[in-house]
Amino acid sequence: MPAWAAALCGLTAGAVALGVAAAAAGLVDPAAFPVAAVGNTLVDISPGPLKDWAIRTFGSYDKAVVVAGVSVLLALGAAGIGRLTRRRGLPYGVAGLAAFGALGLAAVLTRPGASAVHALPTLLGVLAGGLALALLDRRAVTAVAATPDTPDREGERRAEFDRRALLGGVAGGVVLAGISGVAGALAGGLRTVDAARSTLALPRAVRPATPLPRGADLRIPGLSPFVTPNADFYRVDTAFVVPRVDPRDWTLRVHGMVDRPVEISFTDLLRRPLVEADVTLTCVSNEVGGPYVGNARWLGVRMADVLREARPHAGADMLLSTSADGWTCGTPLEIVLDGRDALFAVGMNGEPLPTEHGFPVRQVVPGLYGYVSATKWVVDVKVTRFDRDTAYWTSRGWAAEGPIKTQSRIDVPAAGASVPAGRTTIAGVAWAQHRGVAGVEVRVDRGEWRAARLAVTPGPDTWRQWSIEADLPAGGHAIAVRATDGAGRTQPAETAPPVPDGASGYHVIQITAT
Ligand SMILES: Nc1nc2c(c(=O)[nH]1)N[C@H]1C(S)=C(S)[C@@H](COP(=O)(O)O)O[C@H]1N2
Ligand SMILES: [Mo]
């Protein structure tokens, strides 16, 4: 059998193994798909700087890149298994499959929330892959009886490579893998959680947010809208597969340094008084001028109400929250209790939280970067101390506390754009959550800093739009922006990278007037 045919047998067997595993994972739990578990584990164990680089370079596609890498490795492995089977015999090929299976199993079973049934997809996959390998290997070589022109000894039969039979077998395997893979994805995706989300009717807030003041949105083409639609809201997390948490199974445990541990079901949570708040979220890994910032109207229960019921001990200074997929976050207790709208949020812009933004419940704390405040799919809050516990990103080189730095961004014109010479509108957003934005200034080339017109804001916890007119002679121009917060502090000119506590420096763009 030629080498390519042996490799093809291995690839097909690998595809069947993954297809069957995907189908089973669709029924058990998408997180039990071994490739997803390996990807998740890789994300978790890869060093911080590598992860930062990936987020910077690939943005929201960082996981797609990991998937592509893992797929290439798997394909190479499967082809190798096919050739091993040919050269050394079926037991070696099966052993190779089992080795991949063992890796997958190790990853699946060490994921948070894993149970014994989570092993099933991997085991079934290896079994199906082994069977496929054996069948293909047999099909590819047909026993042919000796004929006069193949003068073997009387009655002896020869094995001969049968290309047709092999390709038929491969086609069958690919179809099987495709159908089971799609079935798995459908079963997983359409399962109960999505149904539960789409049928969920959120109660009204006892303290609704006031309607957005007129003039909060300057409605300038190209300027970020004041409210970021859910579909456009940036997404940053370590979750390789979006955790699907069934609200009927969800509970929130508040424990640790408290007098009375609290455990709440989703129904209990919705029975509590809900409030609404407009809050802008920002990611600490956002570069100056970057896209990881968005504003939404959140509906939720005040974290302070739940915490006060638990009665935190005097020495406690940190909330260590954990998500359904094991991510952790450390938030200063004092900030959550100081009266700001820190929420266990269930609604985002008038609908239940989108799955990728934390359904059914996430934290939202105005003024803190997401990595120290905004736990999605939150299930556990431990009241503790910063000197006793360390959260996910803190153990990877990021600061333990992450107040949001005052920042401003030019949206219009776009960086690098050409505009007609003459009067031009420059516009953007600025944020200094919980301190508020009191001023924005713009400088063209080496000119004076000039105050921009500020849009109205509902409060200090959201970003604020701004705009200014400038008269631009033909030629290249550098436009810079800087904001001043409600305490009168102007953002510093000194540049700092996102690590360890957020980027600083002015956003400057180059444009051409023609
Ligand atoms: N469970 C979980 N929650 C998480 C994260 C995560 O990786 N896992 N990332 C945090 C970070 S770094 C940010 S900036 C915000 C982003 O929230 P969004 O994806 O809804 O915009 O979520 C936070 N909550
Ligand atoms: Mo973040």
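Numbering of residues begins at 1 and proceeds along the displayed sequence. Note that ligands are numbered from 1 as they come in the structure, with each ligand's atoms numbered from 1 the same way. All of these numbers come straight from a predicted model, not from anything done at the bench. What's counted below: heavy atoms across the whole structure, side chains too, no hydrogens, waters or symmetry copies.
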For the pair [X] and [Y], find out whether any cationic side-chain nitrogen is under 4.0 Å from an anionic carboxylate oxygen.
X: D325; Y: R111; result: no
X: R302; Y: D341; result: yes
X: D237; Y: K376; result: yes
X: D217; Y: R219; result: no
X: D411; Y: R409; result: yes

Which protein residues have a heavy atom under 4.0 Å from ligand 1? F233, Y234, R235, V236, D237, T238, C283, S323, D325, W327, H357, R362, G370, Y371, A374, T375, K376, W377

Are W393 and Y369 near enough that their ring centres are under 6.0 Å apart? no

